[in-house]
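We name chains A, B, ... by the order of the sequence lines, and we start the count at 1 in each one. In this text the structure is predicted, and so the values were computed from the model without any measurement.
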Amino acid sequence: VALVVWFTVGLALWHFTVFLPDRFWAGIVGALLGAVTGAMLSGGIAQVLSGRTIGDTDMGTVVVAIPGTVVGLAAIYALGVRRERLAASD
Amino acid sequence: MGGRRRNVLVIGLVLGLLSASAIVIASKPTVLGLDLRGGTQLIYQARPTPQTPQVTPEAIDRAINIIRTRTDKFGVSEPEISRLGATGIQVGLPDVQNAQQAIDQIGTTAQLYFYDLEANIIPPDKPGVPKDPATSPDPNPSIYTLPNLYEAVKFASKREPECVQNQCTTSGPTFYLFNKKSHELRAGPAERRKDLFFNTASERQPPGTEVLTVPQGTVVATAAASPSLDLTPAEISDSPQFVLTDRPALGGTEIKDPQQQFDPTTNQPNVTFEFTDAGRVAFQDVTRTIAQRGNATAPPGTFSAQAADQYSQHFAIVLDNQVFSNPIINFAENPDGIDGRTGAQISGNFDIDSAQDLATILQTGALPVKLALESQSTVSATLGQQALDQGLLAGAIGFLCVVIFLLLFYRLLGAVAVLGLMVYGVFFFALVKLIPITLTLPGIAGLILTIGVAADANIVIFERIKEEARAGRSMLSAIAQGYRRGIATIIDANVLIMFTAFILFVLATAGVKGFAFTLGIGTLVSLFTAVLFTQAVLGSLGRSKLLHSARALGAGPQRVRWRFDFSGASRWFFSVSGLILAVGAIALATKQLNLGIDFTSGAKVTASLKRAASVDDVRRTLDRAGVPNVSSAEIQTVSNPKLGPNVIEIQGKIGEEEGSGDEQTLGPVKTALEREFGLRGGASGFSGTNVGPTFGAQVARSAMIAILFSLLVISAYVAIRFEPKYAIPVIIALVHDILITAGVYSLTGREVTSGTVAAFLTILGYSMYDTVIVFDRVRENVPRMPRAAFSQIANRSVSEVLTRSLITGLSTVFLVTVLYIFGGATLQDFAFAMMVGVLSGAYSSIFIATPVLTHWKEREPAYRARRARLIEEMGRLPTFPEDNVVARVGADGEPPPTAPAPSRAEPAPSRVEQPGPREPVETGPRDGSDGAPEGPRAPAEPEPLPAAAAPEPAPPTRSERQRKRRSQQRRRRKHGRNR
């Protein structure tokens, strides 16, 4: 269940990226990959550190996925901006 | 072939098939599933045995054949026995209400061995017990027994492993699981240690238990006072036990023709049998050895049979580790052993039934594998009939709703569609009888939904016909074009539904399989009736006056024309979806899903009692009967007039004990209720389902695999049929719908059953159906609008198919609402998930999938360049491609709009009384090359996208913007003068 929760958090937050300039690497789909991967990673790390099983979920399970989603989105955005700059300089 | 001849041929074919269908319907019976006619369903998992250390497909096939023979011999008509996954076997026994008897008869392994008792007995180290029974026997063999199973196994576990002459019945040690304190048997004997924990939720050794190992070459056999195949673990635990050297003289394969007879001397029921040639020799050899040994230990001069009895030794008949009989081989009567030609008999404390059962089991032979009962379900005939009535009522009302809907919306076309639906109904029913398809409740749900699929195919085509008619085509031409253009869309969408149905059928569990099968067959038949047949009928009506009236076809002036900036407004819809998903995530994390017993294991019982009983009465009764976990079970009285005035429902882990490896069934619950309160209609007043933990996990796993595999196949198909970029938004929309439905389930706390899984998978099909129809229109419009921005193409496409989406969405919602209201408890679960999923699917196709595709496609250099050019030329990006021309019309003496108008601010929808043909779009460089009309009725112009893959321009500086604006104004003034 925790996996589904993290995935849903990543997907939910990704929906709000439409308000940002479309400079993500691979566009809106790249943003989705970043959001979901980040959510799963941070959620997984937090779950392992807390010593809980994958089926043991609460509000904390939602919260721990948020930083990962934001970091994932930021990373994909930074990658997109970098590529744009490289393309412009070429 | 001419169109007219083709139509006549199709109608002739349909009429012929209708006649054939009528014959099939009249002559063939309908095969109803257990949930509709009542009966017992058992699901077994095969485990290895010493004879079959690996569960192979061949072993499963053999086991299925033996089970079929057993059920035939027990007089069960039309048993449904099939393989379930790699090692599962599903047994459906129509009309069988006594589940316990069925379980006893079917699942018994029936490994039969014959032992020379005294030669193989390992006597306990007790005073007065002979150390070597073969040479100094005791006339009473019970002296060699140990008092209970635990003591016997403990004693046997100290033996050294040995396998004399390779005659052992096991390939290794045998394991037993005992309760540490009570020493009661919890599981075993098993060949593998891990098999002891097979029925525990964690599949690990439960706390408070002890595993004992009996080495190879030693066997523990129960010497119960009344041997029976139905002994409970407690009875086995408390019975005396022999410990034997595992060296049988012959096995069950060496006997033949077992029969229930009566002992001529005692007139007690017994089981007689004969030997095969090899068995006869082996039997005579071993009985001779026993007789000679008896003679050798008897005092000299013991000649009378009566006197010889005291010194004669024994022969043990052991069936499934239980000594059924240990007759004396009287050396005075049989000095040369017993000639096996006359056969032999097993006598014990049998009554006629138990002797018959044993004979039948011996007749059918030993199962090559051990069968562990994983799930048991008994449906009473009354409940089955009620479910059938509810399903048929829901089907009839659903059909009526769709008929009314089609007639109101499409009038004559609707009438033709209704005719198509009726033909579909007849064909489908005939196929159900002809194949035959076992009609189950989920199957009826599938059938009702295929009515929606069939209606939808017509709606797609009719909307096309209306568009063509409104674009100025003659009705005949509009009909031809409508079918021509609609068919690709319908095939794409139906192929995807068929894929989903196929994956469901292959991967899902029993109940869902029926649904998948009817959905698949129904979709296929509906393609024929909804497309070919209706086209032929309309084609044949070609010269009818009615066909020339646009009003009669519901193709009058378009009153509602969607003019909404779907792409522009998508951010707000995205926000709504994001919020809903966030709420869903919180609900899933905090409330989780209310998983039903299909997933969590446990039992659910519905019983119609003769005498009224309160919840406490029922709880006390079950508690007294030793039913486990009664205190935590949910017991409630329910109102169901068809079942009777005193109906109770019990739900909990009452059919199994946590950590128990035994196959505990609902037998004790039924017996206790029947004894205390009486069951209305006897066994038919009791319905119950008992699901083991491993089966629950298997259901969940197969559902997950089915969903993931469906997503994979769907994306591959869309990628091939459209282009890879179209696949991702389809998948995003599907995941969106499934997660929203899961969130709603979590929020509302509704129980998730295997029916819900079927609904989830159907949601995949439906949601994708909608998305494919939108994308199909986008794909069609792309080459027609070679200069439009992708968001404009998307807006145009969505606005063209929105009416269809609404109509089909509504018609499906009608159907699932009908299912929800009239379909009874099982179909209600299904209908609720479908309702949420269908609404979410219709929404996500328009507001999630299409905008994601738009965002992604607009990153392509060609579309980026188009967009930049349009903005540069017009100062803004109009919502629809046809609005691009406004730049020119607006320049007719009037200054063009300079401020970029926020396209999403446009009203939606606006009413246009006379839409008229669309304006051609003329934008782009005025070099005379851009006069291609962009209306949908224009001939398709598969013009390649502009090769100028211009990189996205950097944000313009202020001076650049001013320069552009001046240049734009100059161009427009010049253009105005030209006009």
Side-chain angles (χ1 to χ4, degrees), chain A residues 1-33 35-36 39-40 43 46-47 50 52-66 68-69 73 76 80-81 83-90, chain B residues 202 567-593 595 600 700 704 707 724-725 727-729 731-733 735-740 742-743 746 844 847-848 851-861 864 951-955:
Chain A
V1 178
L3 287 171
V4 178
V5 171
W6 300 326
F7 189 94
T8 312
V9 171
L11 189 66
L13 293 183
W14 164 78
H15 279 79
F16 296 98
T17 55
V18 287
F19 290 101
L20 298 174
D22 185 11
R23 297 180 72 184
F24 290 99
W25 168 78
I28 197 165
V29 177
L32 174 69
L33 285 179
V36 170
M40 302 291 261
Q47 197 84 349
S50 66
R52 295 196 302 177
T53 61
I54 204 83
D56 185 8
T57 58
D58 56 15
M59 191 61 200
T61 317
V62 176
V63 174
V64 292
I66 296 172
T69 309
L73 285 171
I76 297 290
V81 171
R83 291 217 167 184
E84 272 179 22
R85 282 194 188 136
L86 282 174
S89 65
D90 287 345
Chain B
S202 61
S567 299
S570 65
R571 62 182 58 189
W572 304 113
F573 291 105
F574 264 58
S575 305
V576 171
S577 284
L579 282 174
I580 294 173
L581 282 169
V583 172
I586 293 169
L588 282 169
T590 54
K591 295 182 72 180
Q592 275 96 28
L593 285 171
L595 297 173
T600 58
M704 282 303 293
I707 289 177
K725 275 194 175 171
I728 303 293
I731 297 297
I732 291 174
V735 173
H736 168 274
D737 300 337
I738 289 179
L739 288 178
I740 282 187
S746 177
S844 69
F847 298 112
I848 302 291
V852 169
L853 180 69
T854 306
H855 268 82
W856 215 19
K857 291 289 281 184
E858 290 219 320
R859 286 174 63 84
E860 288 177 9
R864 195 182 280 181
E952 191 172 27

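Looking at A:Trp6, there are no atoms closer than 4.5 Å to chain B (heavy atoms on both sides), in backbone or side chain. Interface residue B:Ile728: only side-chain heavy atoms are found under 4.5 Å from chain A. With a 4.5 Å cut-off on non-hydrogen atoms, B:Ile732 touches chain A through its side chain but not through its backbone. Neither the backbone nor the side chain of B:Ile580 has a heavy atom closer than 4.5 Å to any heavy atom of chain A. For B:Leu739, the part sitting under 4.5 Å from any heavy atom of chain A is the side chain, from C-beta outward, and nothing else. Proximity to chain B is limited to the side chain of A:Val1, based on heavy atoms less than 4.5 angstrom apart. For a residue to count as touching a neighbouring chain, one of its non-hydrogen atoms must lie under 4.5 Å from one of that chain's; by this rule A:Leu13 does not touch chain B.
Among A:Ala88, A:Gly60, A:Ala26, A:Ala87, the residue with the largest count of heavy-atom pairs under 4.5 Å with chain B is A:Ala26. Of the listed residues (A:Val5, A:Leu32, A:Val63), the one with the most heavy-atom contacts under 4.5 Å to chain B is A:Val5. Per-residue heavy-atom pair counts under 4.5 Å with chain A were compared for B:Val852, B:Ile740, B:Val583, and the maximum is reached by B:Val852.
Contact annotation: the side chain of A:Trp14 approaches that of B:Phe574 to within less than 4.5 Å [non-hydrogen atoms, C-beta and beyond].
Separation of atoms CG (B:Leu581) and CD1 (B:Ile586) is listed at 11.0 Å; rounding is to 0.5 Å. Annotation: the span from A:His15 atom NE2 to B:Ser577 atom OG amounts to 4.5 Å, rounded to 0.5 Å. Between atom OG1 of residue A:Thr61 and atom CG of residue A:Asp56 there is a gap of 7.0 Å, rounded to the nearest 0.5 Å.
Taking a cutoff of 4.0 Å between a charged side-chain nitrogen and a carboxylate oxygen, A:Arg52 and A:Asp58 qualify as a salt bridge.
Counting heavy-atom neighbours within 6.0 Å of B:Trp856 CH2, excluding the residue itself, gives a total above 12.
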Between A:Gln47 and A:Val64, is the side chain to side chain contact (heavy atoms under 4.5 Å, CB included) condition met? List the steps. CA-CA 9 Å; A:Gln47 197 84 349; A:Val64 292; 5.5 Å; no

